[in-house]
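Given the structure is predicted, the values throughout are model-derived calculations rather than measurements. In listed order, ligands and their atoms are each counted from 1.
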Amino acid sequence: MSTNSFDFEQLYSAKGFHEDGTLLLSELTAYLQQATDLKAPALSYVEPDEMLRYWQSWNEENQHLSDSERIKKFCTDLLSNTNHLQNPKYVGHQVSAPLPIASLMMLIGGTSNNGSAVYEMGMAPTAMERIVTDLLCSKFGWDHHSRGFLTSGGTLANLTALLAARKFKATEDIWNQGMQKPLAILVSSQAHYCVDRAARIMGLGADGIISIAVNENFCTEENAIETAYQSALAKGREVIAVVGSAPSTSTGNYDNLEALGKFAKDKDLWFHIDAAHGGPAIFSKKYKHLLKGSEWADSIIVDGHKMMLMPALSTAVLFKNKNHAYENFNQSAAYLLEDSIEEDWYNGAKKTFECTKTMMVLPWFLLLNLYGETLFESYIDRQYDLARAFAEAINHSEDFETAARVDSNIVCFRYRFKENIDDQNKQLRAYLLKNSNYYLVQTRLNGSHYLRVSLMNPLTKLDHLRQLLDEIRKVVKTQKHLSNLSL
Ligand SMILES: *Cc1c(COP(=O)(O)O)cnc(C)c1O
């Protein structure tokens, strides 16, 4: 053995794994405890350049420590410089506070590394993926001709579905011949920006993304669909798809999926639903009506790491017609599956973007088996109810107002400053980012500035949200630059 080579036997030793694992687990336990006990702010904000310098000098600062001390220090330093999603005062972006058992599944995935799209490189997860996506398809009201799979995030999932739309609705064979004729999709101006990105990646260009006008609640206006369609035709575009948001990103409002679906059917267009955030409402008796019309869809996507309590990153892409899943990336001549042809459902590589995937299915399968669908039903009901209660508290106050109707667990609101309302709310958010124990975000709607919360954490209570309003009132009172112009 050469002197500078590593002792791989030792690096792979099961004993070492146990020692490091124990250490890591106790660090993560302390982190979780601190987050759920509200012992620290959800986010202790550090400016990007300062953060960069911190990690640039990290090695030098900690060189005197032993390996295990460094692993420990690494965990502590890392976790104290992250956003603590398990803290009930985390009300920021639409990423789940993962259930601890779901997080632990990633440890198995990271250890066995059997997440490939090749069956032999991931037998168990391949079978599980079929089971959970079959369940989702049936929840959306589709029959056994439907199929799905998991892919790495909503962005890639939307692109996958829109590529299928292009393959099956465009008159030209673009997959083989390249783009000949300009195409278009119809989508709400409030859709997630990744739909726009997917369309541009597909070569549609800015003019290929035709906006459907929205109403006062930021949902697609029913009679604006035809207008959008006609404007695409007038531009010489061939329309391939209609995309519905379930819900839209900024305000969390569900499009009228039934109207979009019927329009698509009428015009023989592909109907895609981006249900990355709000798809799991299908598990709720109380809220599944928001997804009415999903039975009309050709494709639907649902994120596991948004409203299904799982760690990032995994998204279900569902196709009503399984041929669409198999044909999407098929390079050779069409081979539509006949009932007589044996379906190689286990051959994931034919359907997904990825060649190698993570074992993203583990939390889906385990959560559904441990707790059943009612886990997701009670989570959705709790969060959607909470958002409605918060919106009510806001609108009952004199000094705050909401931006729109609340459909999901997202609420946009603002302080009713008498003057410079947009600028003041913007400054307010900047102040809260650095000085508050809460983490919330912001958005612009019709040119106006709003604070925005996504109630992702099932430990967040209405009291926490009332306290947030009180804290904002206090800031407005005490911060001169804000209070000068207040009510
Ligand atoms: C989050 C989100 C996406 C993007 O999904 P990622 O998993 O973050 O890539 C797309 N559409 C909607 C409606 C979303 O909420």
Side-chain angles (χ1 to χ4, degrees), residues 83 85 91-98 102 106 136 140 148-163 165 185 187-202 209 211-212 214 217-220 241-257 260 271-282 290-291 293-294 297 299-318 352-354 357-358 360-361 363-364 380 383-384 387 404 406-412 441 443 445 452-456:
N83 209 325
L85 281 64
V91 288
H93 287 288
Q94 300 154 265
V95 181
S96 78
M106 304 316 266
L136 285 169
F140 282 110
F149 50 85
L150 299 183
T151 194
S152 305
T155 302
L156 206 57
N158 277 327
L159 179 58
T160 308
L162 289 174
L163 282 170
I185 58 166
V187 62
S188 145
S189 55
Q190 295 297 314
H192 192 273
Y193 67 89
C194 75
V195 174
D196 178 283
R197 185 177 290 176
R200 287 170 195 259
I201 291 170
M202 285 164 55
I209 303 145
S211 274
I212 306 172
V214 293
N217 286 309
F218 303 93
C219 310
T220 47
V242 178
V243 179
S245 302
S248 62
T249 301
S250 285
T251 59
N253 291 96
Y254 285 70
D255 279 342
N256 182 341
L257 302 175
L260 293 169
F271 180 36
H272 173 64
I273 302 180
D274 179 358
H277 182 90
I282 204 69
L290 293 165
L291 288 156
S294 60
S299 54
I300 301 178
I301 69 148
V302 183
D303 273 354
H305 54 281
K306 296 256 178 80
M307 295 303 291
M308 292 190 74
L309 300 161
M310 298 174 204
L313 187 72
S314 69
T315 305
V317 196
L318 311 170
T352 62
F353 255 100
E354 301 98 321
K357 295 204 289 193
T358 60
M360 53 182 81
V361 73
W364 293 80
I380 287 281
Q383 304 312 102
Y384 281 29
V406 170
D407 281 352
S408 61
N409 57 328
I410 297 171
V411 183
C412 294
V441 293
T443 190
L445 296 166
R452 177 174 176 272
V453 297
S454 305
L455 307 177
M456 305 305 290

Report the nearest protein non-hydrogen atom to [atom]: residue, atom name, distance rounded to 0.1 Å.
| atom | value |
| --- | --- |
| atom 6 (P) of ligand 1 | Gly154 N, 3.3 Å |
| atom 1 (C) of ligand 1 | Lys306 NZ, 1.4 Å |
| atom 4 (C) of ligand 1 | His192 CE1, 3.6 Å |

Query raised in the report: Do Asn253 and Asn217 meet the criterion of a side-chain donor-acceptor pair at a distance under 3.5 Å?
Result: no
**Report entry** Donor-acceptor side-chain pairing of Asn158 and His272 below 3.5 angstrom
**Finding:** yes
Report task. Classify the contact between Asp303 and ligand 1 as side chain, backbone, both or neither, using a heavy-atom distance cut-off of under 4.0 Å. Result -> side chain
Query raised in the report: Using a heavy-atom cut-off of under 4.0 Å, does the side chain or the backbone of Ala157 touch ligand 1, or both, or neither?
Result: neither
Query raised in the report: So which of Asp274, Leu313, Leu159 gets nearest to atom 12 (C) of ligand 1, if we judge by its closest heavy atom?
Result: Asp274
Report task. Please work out which of Ile273, Val95, Leu156, Thr155 has its closest non-hydrogen atom nearest to atom 9 (O) of ligand 1. Result -> Thr155
Quick check on contacts: which atoms of ligand 1 are under 4.0 angstrom from a heavy atom of [X]?
| X | answer |
| --- | --- |
| Gln94 | 15 (O) |
| Pro247 | 13 (C) |
| Gly153 | 7 (O), 9 (O) |

Query raised in the report: Counting distance only, does the side-chain N/O of Ser248 pair as donor-acceptor with the main-chain N or O of Ser245 below 3.5 Å?
Result: no
Query raised in the report: Hey, is Ala312 one of the residues with a heavy atom under 4.0 angstrom from ligand 1?
Result: no
Query raised in the report: Does some non-hydrogen atom of Cys194 fall short of 4.0 Å from ligand 1?
Result: yes
Query raised in the report: Can you tell me how far CD1 of Ile273 sits from OH of Tyr254, rounded to the nearest 0.5 angstrom?
Result: 10.5 Å
**Report entry** Qualifying residue for side-chain contact (heavy atoms from CB on, under 4.5 Å) with Ser314, from Met308, Lys357, Met360
**Finding:** Met360
